[in-house]
Every structure is written in C-alpha cells, then in structure tokens.
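Working notes, beginning with the structure itself.
Start at 1 and go down the list; that is how both ligands and their atoms are numbered. Computed from a predicted structure; not experimentally measured.
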Amino acid sequence: MEEKKRILSGIQPSGALTLGNYVGALRNWVELQKTDEYDCYFMLADLHTITVRQEAKDFRKNAMDLLALFIACGLDPEKNPIFFQSHVPAHAQLSWVLTCNTYMGELSRMTQFKDKSQKHTGNINAGLFTYPSLMAADILLYQADLVPVGADQNQHLELTRDLANRFNNAYSETFKVPEGYIPKVGARVMSLQDPMQKMSKSDPNENSYILLLDSPDAVVRKIKRAVTDSGSEVRRGEGKAGIENLMSIYSAMTGKSLEEVEAEFEGKGYGIFKAAVADAVVETLTPIQARYRELMENKDYLQQVYRSGAEIASRTAAKTLAKVYRKVGFIQP
Ligand code: ATP
Ligand code: LTN
C-alpha cells in the first residue's frame with residue numbers, strides 16, 4: 001500500500017488565538033484532516049514561545065487553552081497526534097544540527113526576526129534569531145510533504161527547503177523537501193484597526209483582533225469599529241484594504257467567493273455588511289466556544305490526548321533523528 005502524504009504544522013501558545021490564526025492555519029488543518037489523504041502531526045510550538053519572555057503561569061494556561069481549542073475547532077486526536085513540541089526532545093536535538101547548517105546571513109534576512117526584535121528591544125535573544133532552524137527541524141523530523149500555514153510563514157518555509165536541500169546534498173538524501181500550503185483566501189487576515197498590518201495576538205490594541213474566545217458582543221463591537229474607507233461600496237479596489245479584509249473574513253466564514261460577496265452586498269452600504277460579517281463570525285465561533293468549555297472541564301482527557309500524541313510523534317521523529325546523527329558522523333551510543 002502506498003504511504004499517505006504527511007502534514008506537519010504548529011501554532012505557538014503565545015496568547016489567545018485570533019481569527020487570523022484560525023482562518024490562516026487551523027481551519028485548513030481541519031479541512032486537510034477531513035480528506036483522509038494525509039497523516040497529520042499537529043504541534044503546539046511551545047519551544048518557540050519562549051523566544052519571547054513568558055510568565056510561567058500564563059504560559060501554562062495558554063498552552064492548555066490552545067490544546068482545547070485545537071480539538072474544539074475540529075482536530076481529531078483519535079485520527080492524528082496532537083502534541084507539545086517540548087515533549088518530543090528530537091525537536092531541540094535536530095534543531096542544533098540544523099543551526100550548525102544555517103548561515104547568519106540567512107537568519108538576518110528573516111522579517112519576523114526583524115519585526116520581533118523591534119517589538120522586544122529589551123530581549124533580543126539568540127533563540128529569537130535561530131528560531132527558523134528550530135521550525136525547520138519541526139518540519140523535517142516528520143518528513144512532511146505539506147505545511148499548512150499563513151502567508152507570514154512563507155519565508156521560514158523557504159529556509160526550511162533550503163536547509164533540507166543543503167543537508168541532502170552534503171550528506172546524501174535524508175529529508176523530504178516540503179511544500180507550503182497557503183490558503184487562497186485568508187492567508188493574511190489584517191488588523192481591524194490598521195488593514196496594512198497583519199492581525200496579531202500580540203497587538204496592544206484589542207480592537208485590532210478578534211479572538212476565538214471573544215463574546216458575541218465583543219465580536220459585533222470590534223467589527224463595527226473596524227477601519228474602512230469613506231466610500232460605501234462593498235467591493236475590492238484601490239484604497240479599500242479595510243473592506244477587502246472584512247470581505248475575506250466573510251468569505252472564509254461562509255465559503256462564498258469574493259465575487260459572490262460583492263454581488264450579495266451591492267448597493268447595501270457598510271452598516272449592513274458589517275452586521276452580516278459579525279453574524280457570520282459569531283455563528284462560526286459559538287459552537288467552538290461551547291466545545292472548548294466542555295473540554296476545559298475534562299483535564300484528564302486533555303492530558304491523555306497530549307501524552308499519546310507525544311508518544312506517536314516521538315516514534316516518527318526518532319527515526320529521522322537517528323538517520324541524521326548517523327550521517328553527521330556521531331558515534332552510535
Ligand atoms: P504573534 O502575534 O505572537 O507573532 P501569531 O498570531 O502570528 O503570533 P503564530 O503562532 O505565530 O501566531 O501563528 C500561527 C499560525 O497562524 C501560522 O500558520 C501563521 O501563519 C498563522 N497566522 C497568524 N496570524 C495570521 C493572520 N493575521 N492571518 C492569517 N494567518 C495568520
Ligand atoms: N513559526 C510558526 C509556528 C511554528 C510552525 C512550525 C508552523 C513553529 N513550528 C512548524 C509550521 C510548521 C509561527 O506561526 N510563528
């Protein structure tokens with residue numbers, strides 16, 4: 001029997017999940033899982049999270065929240081492992097080998113590093129700099145064919161492919177060279193307050209993002225306040241980034257194409273459109289929130305999910321790591 005293709009992706013438990021994370025990443029994982037065409041590995045990228053200083057108590061809460069949200073959004077732990085990156089030591093181990101094969105020049109070009117070092121001037125640590133080598137290790141350990149992420153991760157994926165090729169050329173074929181899977185609509189959900197910036201959970205202005213756990217009132221309020229333009233037509237075009245962003249959110253929530261959205265709201269004005277966007281978001285979030293609350297009542301179940309996830313992930317990861325260690329020339333223990 002032909003082996004299924006592999007998927008790996010991850011999200012950091014660095015704060016409450018936004019609609020951007022859902023539309024750009026998580027929702028697509030659920031869709032890809034449903035096709036039954038892939039073996040998927042879904043990771044909570046907690047090693048990545050400490051590149052920015054975390055309060056241990058909040059960090060633990062965010063990590064359990066994210067796990068519950070993964071499941072609440074539709075990931076099925078019976079089908080595919082869900083695990084914490086820190087529970088599978090091979091990530092840190094392969095990351096070191098890859099770091100020794102990554103050039104300083106490559107890492108200095110990463111826009112996420114530039115952005116984050118501007119945001120956290122008091123803590124520009126080496127981990128923030130070498131983070132892409134760890135991300136490459138995450139992906140290459142599982143010999144992933146496909147990596148579903150938002151558009152902001154494209155540069156990291158390119159580096160991952162370069163590292164895979166570099167290692168394969170230097171030491172013989174070892175890693176699968178992965179492809180990104182970046183959605184057509186919603187790959188970059190923008191801030192509701194500044195449609196030139198991506199929606200981000202670390203934005204200090206809470207009106208700029210919608211959280212998956214926001215109440216219906218909060219969703220309505222934030223969308224009502226979303227920055228648009230002085231026109232009144234719901235369509236794409238020059239100077240209409242705010243409306244376009246709301247259109248892609250609506251399209252992602254309802255499955256309608258952007259053309260269909262334009263047709264639906266022709267001549268209707270922004271007030272009616274914004275109300276419809278808010279309704280669609282609330283309709284998507286309500287069942288997710290209900291399931292999330294149930295799951296948070298059942299910590300034993302969550303523990304069982306991440307423990308069995310780590311066991312399965314560790315077996316796959318260990319195979320790749322053993323190959324790499326052998327090829328590099330480490331003496332077998
Ligand atoms: P931070 O704001 O702390 O940098 P983040 O919100 O960017 O974090 P990550 O954990 O880095 O979240 O990203 C998880 C996934 O969500 C990635 O696949 C990323 O591409 C995707 N993603 C994040 N923000 C958006 C967005 N605004 N639009 C679409 N996808 C997004
Ligand atoms: N860097 C990613 C999170 C992440 C990831 C991964 C995504 C860590 N490891 C492996 C895909 C594959 C981010 O979204 N900031």
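- Among protein heavy atoms, the minimum distance from atom 16 (O) of ligand 1 is reached at N21 ND2, 3.1 Å.
- Across F59, F42, Y306, a single residue satisfies ring pair (Phe, Tyr, Trp, His ring centres under 6.0 Å) together with F84, and that is Y306.
- Between Q12 and ligand 1, at least one pair of N/O atoms sits closer than 3.5 Å.
- The contact set between ligand 1 and A25, taken as ligand atoms under 4.0 Å from a residue heavy atom, comprises 15 (C), 16 (O), 18 (O).
- With T18, V189, N245, L157 as candidates, the residue nearest to atom 27 (N) of ligand 1 on a non-hydrogen basis is V189.
- Put simply, the side chain of D162 does not reach to within 4.5 Å of the side chain of T102, judged on heavy atoms.
- Side-chain contact between Q153 and M135: present, with at least one pair of heavy atoms (C-beta onward) separated by less than 4.5 Å.
- Taking distance alone, with nitrogen or oxygen atoms compared against 3.5 Å, Q85 stays at or beyond that limit from ligand 2.
- Here CZ of R236 is found 12.0 Å from NZ of K240. Values are rounded to the nearest 0.5 Å.
- For ligand 1, none of its N or O atoms has an N or O atom of G10 under 3.5 Å away.
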Determine, stepwise, if the pair Y131 / N125 fulfils side chain to side chain donor-acceptor pair (under 3.5 Å).
CA-CA 10 Å; Y131 160 125; N125 61 74; over 6 Å; no
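- When the heavy-atom distances from atom 31 (C) of ligand 1 to S9, A252, P13, G20 are ranked, the shortest goes to G20.
- Atom 9 (P) of ligand 1 has as its closest protein heavy atom K201 NZ, 3.9 Å.
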Begin from the C-alpha positions of Q155 and T111 and carry the test side chain to side chain donor-acceptor pair (under 3.5 Å) through to its verdict.
CA-CA 8 Å; Q155 205 185 17; T111 51; 3.1 Å; yes
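- Counted within 6.0 Å of OH on Y301, heavy atoms from surrounding residues, nucleotides or ligands total more than 12; the atom is thus considered enclosed.
- A donor-acceptor contact shorter than 3.5 Å is absent between the side chain of T35 and the backbone of E31.
- Paired with W29 under the rule side-chain contact (heavy atoms from CB on, under 4.5 Å), one option of Y181, F70, Y38 passes, and it is F70.
- Remark: minimum distance from atom 9 (N) of ligand 2 to any protein heavy atom is reached at D138 OD2, 2.6 Å.
- Annotation: atom 7 (O) of ligand 1 to nearest protein heavy atom, K198 NZ, 2.5 Å.
- Side-chain contact check for E259 versus K256: every heavy-atom pair is 4.5 Å or farther apart.
- Among protein heavy atoms, atom 19 (C) of ligand 1 sits closest to D152 OD1, 3.3 Å.
- Here is the list of ligand 2 atoms found below 4.0 Å of a heavy atom in A45: 8 (C).
- Between A151 and ligand 1, no N or O atom pair is found at a separation short of 3.5 Å.
- N245 contributes no side-chain N or O that, together with a main-chain N or O of A241, makes up a donor-acceptor pair within less than 3.5 Å.
- The closest approach between M43 and ligand 2 falls below 4.0 Å for a heavy atom of the residue.
- Between G150 and ligand 1, an N or O atom pair is found at a separation short of 3.5 Å.
- Summary of contacts: the protein heavy atom closest to atom 29 (C) of ligand 1 is A187 O, 3.1 Å.
- The option with the heavy atom closest to atom 17 (C) of ligand 1, from among H48, Q153, R188, K116, is Q153.
- Every atom of ligand 1 is numbered from 1 in the order shown, and the set under 4.0 Å from a heavy atom of M199 is 24 (N), 26 (C), 27 (N).
- Closest to atom 1 (P) of ligand 1 among all protein heavy atoms lies S202 OG, 3.7 Å.
- Of the listed options S200, G180, G186, S200 places a heavy atom closest to atom 2 (O) of ligand 1.
- The 12-atom threshold is exceeded at CG of L258, counting heavy atoms of other residues, nucleotides or ligands nearer than 6.0 Å.
- Side-chain atoms of D46 and T49 form no donor-acceptor pair, as typed in the model, at a separation below 3.5 Å.
- From the protein, the heavy atom lying nearest to atom 10 (C) of ligand 2 is L8 CD2, 3.6 Å.
- Under a 4.0 Å criterion applied to the non-hydrogen atoms of S14, ligand 1 contributes the atoms 3 (O).
- If you number the atoms of ligand 1 from 1 as listed, the ones under 4.0 Å from a heavy atom of V149 come out as 18 (O).
- Regarding atom 1 (N) of ligand 2, its nearest protein heavy-atom neighbour is Y131 OH, 2.5 Å.
- Taking the six-membered ring for Trp and the full ring otherwise, H91 and Y142 have centroids separated by under 6.0 Å.
- Side chains of K61 and D65 form a contact here, defined as non-hydrogen atoms less than 4.5 Å apart.
- For ligand 2, the atoms lying closer than 4.0 Å to a non-hydrogen atom of V147 are 11 (C), 12 (C).
- Atom numbering of ligand 2 starts at 1 in the shown order; those under 4.0 Å from a heavy atom of H48 are 8 (C), 9 (N).
- Atoms of ligand 2 lying under 4.0 Å from any heavy atom of V149, numbered from 1 in the order shown and given with element: 7 (C), 11 (C).
- Residue Q12 approaches ligand 2 through these ligand atoms, each under 4.0 Å from one of its heavy atoms: 15 (N).
- When each atom of ligand 2 is checked for a heavy atom of I139 under 4.0 Å away, the hits are 10 (C), 12 (C).
- Of the listed options G180, A137, S9, G10, G10 places a heavy atom closest to atom 3 (C) of ligand 2.
- Here the side chains of V23 and M253 are in contact, with some heavy-atom distance below 4.5 Å.
- K268 places no side-chain N or O within 3.5 Å of a backbone atom of V234 that could act as its donor or acceptor partner.
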